[in-house]
4 protein chains.
Amino acid sequence: MPPPARPLRADAVRNRTSLLAAAEIEFAQRGSDASIADIAERAGVAKGTVFRHFATKDELVAAVVGGRFTRLAAVADRLLDSPDPGAALLEFLSATAESLHRQDLAFLQTVSEGDPGVAGIRERLHAAAEALVGRARDAGAVRPDVTGTDVLLLVCATVHAVHSVPDPAPDRLPRYLEIITDGLRHPSRA
Amino acid sequence: MPPPARPLRADAVRNRTSLLAAAEIEFAQRGSDASIADIAERAGVAKGTVFRHFATKDELVAAVVGGRFTRLAAVADRLLDSPDPGAALLEFLSATAESLHRQDLAFLQTVSEGDPGVAGIRERLHAAAEALVGRARDAGAVRPDVTGTDVLLLVCATVHAVHSVPDPAPDRLPRYLEIITDGLRHPSRA
Amino acid sequence: MPPPARPLRADAVRNRTSLLAAAEIEFAQRGSDASIADIAERAGVAKGTVFRHFATKDELVAAVVGGRFTRLAAVADRLLDSPDPGAALLEFLSATAESLHRQDLAFLQTVSEGDPGVAGIRERLHAAAEALVGRARDAGAVRPDVTGTDVLLLVCATVHAVHSVPDPAPDRLPRYLEIITDGLRHPSRA
Amino acid sequence: MPPPARPLRADAVRNRTSLLAAAEIEFAQRGSDASIADIAERAGVAKGTVFRHFATKDELVAAVVGGRFTRLAAVADRLLDSPDPGAALLEFLSATAESLHRQDLAFLQTVSEGDPGVAGIRERLHAAAEALVGRARDAGAVRPDVTGTDVLLLVCATVHAVHSVPDPAPDRLPRYLEIITDGLRHPSRA
DNA sequence: TATGAATGAGGTTTCATTCAT
DNA sequence: AATGAATGAAACCTCATTCAT
């Protein structure tokens, strides 16, 4: 049985990777206005090559967002094996926060909202988060009405808030995360 | 020598007001990509008139953001007279959230960050929030390390997060605000 | 009663005219591949100005074709007053041929086919030609089955054919027109 | 030293044939804008293979036009043996018209004008037509001043004209051909 | 030899901004 | 002061052509 779809050429794979990395950086720095030209230059390829890999700028955005989501889902999946459900959720929170903090791409989500591929990946991410939260809920570590989506949105929001302030006080993010996690905890257990 | 700041003609004032209102709507709907042309059309003026009032698109953005901040600061000032500091803070939180929820303009802040006028207004807003929070802190209603800026950022972020999700579950925002306020509360008082 | 739509500014009219003239020349020289940039440069305006007058390249093509058709229809209308129907038709033929010969834009018709404005103008042109042919038919100067459309297509085709040959033998066009007109004549009258 | 013109490998021949056929179809459908990519796909080969056979798009166009001309010349040559010179010319006319009608590639001639190979083939075609016309002229079937080139151009033009009209009235082409042939006939013989 | 990824010039269109009216 | 036409710098995208595999 032959391989289902001939694997990409070596340089094609390299370029695709460079492009996604370059796009992440440019988007993080310049927002959605980052230009294809700049992304291509940073990736060290010609403008047309971008088009070959991603038929449209939106498609590139979707790929970046999808990659981000996939990595977060992988983290969640890995933490499902952790013995302490509450600690696992906290670690997921801080890992997610740190990842988002390094590069805030929240504004991209609006663009990629329509993309069906991204929708599927987000579904997977939310399901993974829900699994984590479910275990923590069963262990009484969080409020009974908290969902995986809630956790994702709140951490994303927190990071975004820290980003929106000009001066980067380094303790802000952990402090805010602590506030959030305190809020998520089961009220009666406090 | 003419008087230093001649008052605007009546119709000029009207146009300025229409423009700010139109800009808020367009920015809320189309994001930062809202075009000057669309804003002008919605305001019922010609494109050139926009530039008579705001030399630059960024200046218009700054004016919109400044207006928003000013209104929020006014709310905070008003609540300083309230007898119950904790309740006043909660009301400020929910009023702010509702205002932001109606029109999420968070993305504009990045653009207007450099503007010195906006910086001053933000300063005023944060000071007003700090006054509210200070009273609540003194009353033991919130953690001792919480600042006015913290409250503003967290509520702003939460609203933004709710906006970023496609399906608009109506109970999300109040639930998240509750989580936030729980997190802000003095831990030992719970 | 005010004028229905404020007249274009003087320079706008000038630019529109220059643009149409420039487009005709560029299209005649380079075919449909004539670029907007070249047309703008020849007209002495910026590229963006083209877009202000014609939202799309196809719209510009349609305007050029429409202008051409309008001028031909005017010629036909004028000849309707001529006393000799047969001579009038011949003159229409040669005038049309000469006009097309100066600038062969046949290839543009395919592009502008979908445009409803052009369709209306073509209708008018064909009707004018039909009126001319009708008079000639009644006078027995042409076959009974010939229509205005026939005459237009045949003369257009003939000119196009002459254009398709590299060496521009100057007597070709009149000779071919003679052949066509001979063919159009009433057989039994020969 | 290898033989000067090594014969093509069997699959290379197959590819060349497929490419020419695909090009004819694509050009007929999309005009000169038909892309190499589409032609390659229709031929079932990769884009790069196109350039192995035809160094340039223009070269491919030239090959298509040349093939067309060659086939027409073969028809003319065959008809030279026909006993009735007038009938032979008429048949050449209608055969040519039908061939062109199936696929109108007139617009390609402009592109291939510069190609020396095409020039030679066109020479051959025109010579063959001239031979046919010469016999008809000697037999008094056509005007004394008509040339082979005339016949070719007029029939080509007529077909093109019929193509340029949106609604495909099926009787137009024969009617126009009749008009043309009437016009070509010796005037005094009518 | 065939493939298809990479190239990069060039196309159309958009839009903030300037300026004649 | 207001208008809207003109400007021109990018933006995105296409496609003939080259070249690594």
Side-chain angles (χ1 to χ4, degrees), chain A residues 6 8-16 19 33-40 43-60, chain B residues 8-12 14-16 33-41 44-60, chain C residues 6 8-16 19 33-40 43-60, chain D residues 8-12 15 33-41 44-60:
Chain A
R6 172 197 320 223
L8 282 176
R9 241 167 57 179
D11 54 350
V13 174
R14 223 174 17 246
N15 280 343
R16 194 170 210 282
L19 275 172
D33 298 345
S35 80
I36 292 274
D38 289 347
I39 292 171
V45 304
K47 245 186 324 183
T49 304
V50 182
F51 171 72
R52 158 157 289 278
H53 287 275
F54 309 99
T56 281
K57 193 185 187 182
D58 286 0
E59 214 167 89
L60 172 57
Chain B
L8 285 174
R9 256 169 45 179
D11 55 347
R14 226 179 10 252
N15 278 346
R16 194 169 209 282
D33 298 346
S35 79
I36 292 276
D38 288 346
I39 291 170
E41 190 184 14
V45 304
K47 242 185 332 178
T49 303
V50 181
F51 287 92
R52 170 158 300 278
H53 288 278
F54 308 98
T56 280
K57 194 185 187 183
D58 286 0
E59 213 166 270
L60 172 58
Chain C
R6 171 195 321 222
L8 282 176
R9 240 166 58 179
D11 54 349
V13 174
R14 223 175 16 246
N15 280 344
R16 193 170 210 282
L19 275 172
D33 297 345
S35 81
I36 291 275
D38 289 347
I39 292 171
V45 303
K47 246 187 320 184
T49 303
V50 182
F51 170 71
R52 158 157 290 277
H53 287 276
F54 309 98
T56 281
K57 193 184 188 183
D58 286 0
E59 214 168 89
L60 172 57
Chain D
L8 285 174
R9 254 170 45 178
D11 54 349
N15 279 346
D33 297 345
S35 79
I36 292 277
D38 288 345
I39 292 170
E41 190 186 14
V45 303
K47 242 186 332 178
T49 304
V50 181
F51 287 92
R52 170 158 300 278
H53 288 278
F54 308 98
T56 279
K57 194 184 187 183
D58 287 0
E59 213 167 89
L60 171 57

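Below, chains carry the letters A, B, ... as their sequence lines are ordered, and counting in each starts from 1.
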State the CG-NE2 distance between B:Asn15 and B:His53, to the nearest 0.5 angstrom.
->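 NE2 of B:His53 is found 5.0 Å from CG of B:Asn15.
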
Value rounded to 0.5 Å, distance of OG in A:Ser35 from NZ in A:Lys57 =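 Here the interatomic distance stands at 7.0 Å.
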
Give a yes/no on whether any side-chain N or O of C:Asn15 is located under 4.0 angstrom from OP1 or OP2 of F:dA6.
->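 Yes.
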
Base, sugar-phosphate alone, or nothing: which one does C:Val50 contact when heavy atoms must sit under 4.0 Å apart?
->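 Answer is nothing: C:Val50 stays at 4.0 Å or more from every strand.
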
Could you tell me how far apart [X] ([atom1]) and [N] ([atom2]) are, to the nearest whole angstrom?
X: C:Glu59; N: E:dT14; atom1: CD; atom2: P; result: 11 Å
X: C:Leu60; N: E:dT12; atom1: CG; atom2: C1'; result: 12 Å
X: C:His53; N: F:dA5; atom1: NE2; atom2: C1'; result: 7 Å
X: B:Ile36; N: F:dG4; atom1: CD1; atom2: P; result: 16 Å
X: A:Arg52; N: F:dT18; atom1: CZ; atom2: P; result: 17 Å
X: D:Asp33; N: F:dC15; atom1: CG; atom2: P; result: 8 Å
X: C:Phe54; N: F:dA5; atom1: CZ; atom2: P; result: 13 Å

End-to-end axis angle, where each axis spans five pairs of the helix from E:dA2-F:dT21 to E:dT21-F:dA2, to 10° =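 Comparing the axis at each end, I get an angle of 0°.
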
Who passes side-chain contact (heavy atoms from CB on, under 4.5 Å) against C:Asp33, sequence neighbours left out?
->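 Listed in chain order: D:Asp33.
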
Counting side-chain heavy atoms from CB outward, which of [options] is closest to [X]?
X: A:Thr49; options: F:dC12, F:dC15, E:dA6; value: E:dA6
X: A:Lys47; options: F:dA2, F:dA10, F:dC13; value: F:dC13
X: A:Lys57; options: F:dT3, F:dA11, E:dA6; value: F:dA11
X: C:Asp11; options: E:dA16, E:dT1, F:dA6; value: F:dA6
X: B:Phe51; options: E:dT17, E:dG4, F:dA2; value: E:dT17

Considering only heavy atoms from C-beta outward, does the side chain of A:Leu19 approach that of A:Arg16 to under 4.5 Å?
->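 No, too far: nothing below the 4.5 Å cut-off.
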
Is the shortest heavy-atom distance from the side chain of B:Phe51 to the side chain of B:Ile36 under 4.5 Å?
->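 They are in side-chain contact.
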
Starting from the 5' end of DNA chain E, give me the residue, A:Gly48 or D:Gly48, whose nearest nucleotide shows up first.
->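 Closer to the 5' end of DNA chain E: D:Gly48.
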
Measure from the side-chain N and O atoms of C:Thr56 to the backbone N and O of C:Glu59, and report whether any donor-acceptor pair falls under 3.5 Å.
->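 Checked: no pair found.
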
If each of D:Thr56 and A:Asp58 is mapped to the nucleotide of DNA chain F with the nearest heavy atom, which maps nearer the 5' terminus, i.e. the 5' end?
->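 The residue mapped nearer the 5' terminus is A:Asp58.
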
Nearest-nucleotide wise, let me know which of B:Ala46 and C:Ala46 is further upstream toward the 5' end of DNA chain F.
->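 Its nearest nucleotide lies further toward 5', so the answer is B:Ala46.
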
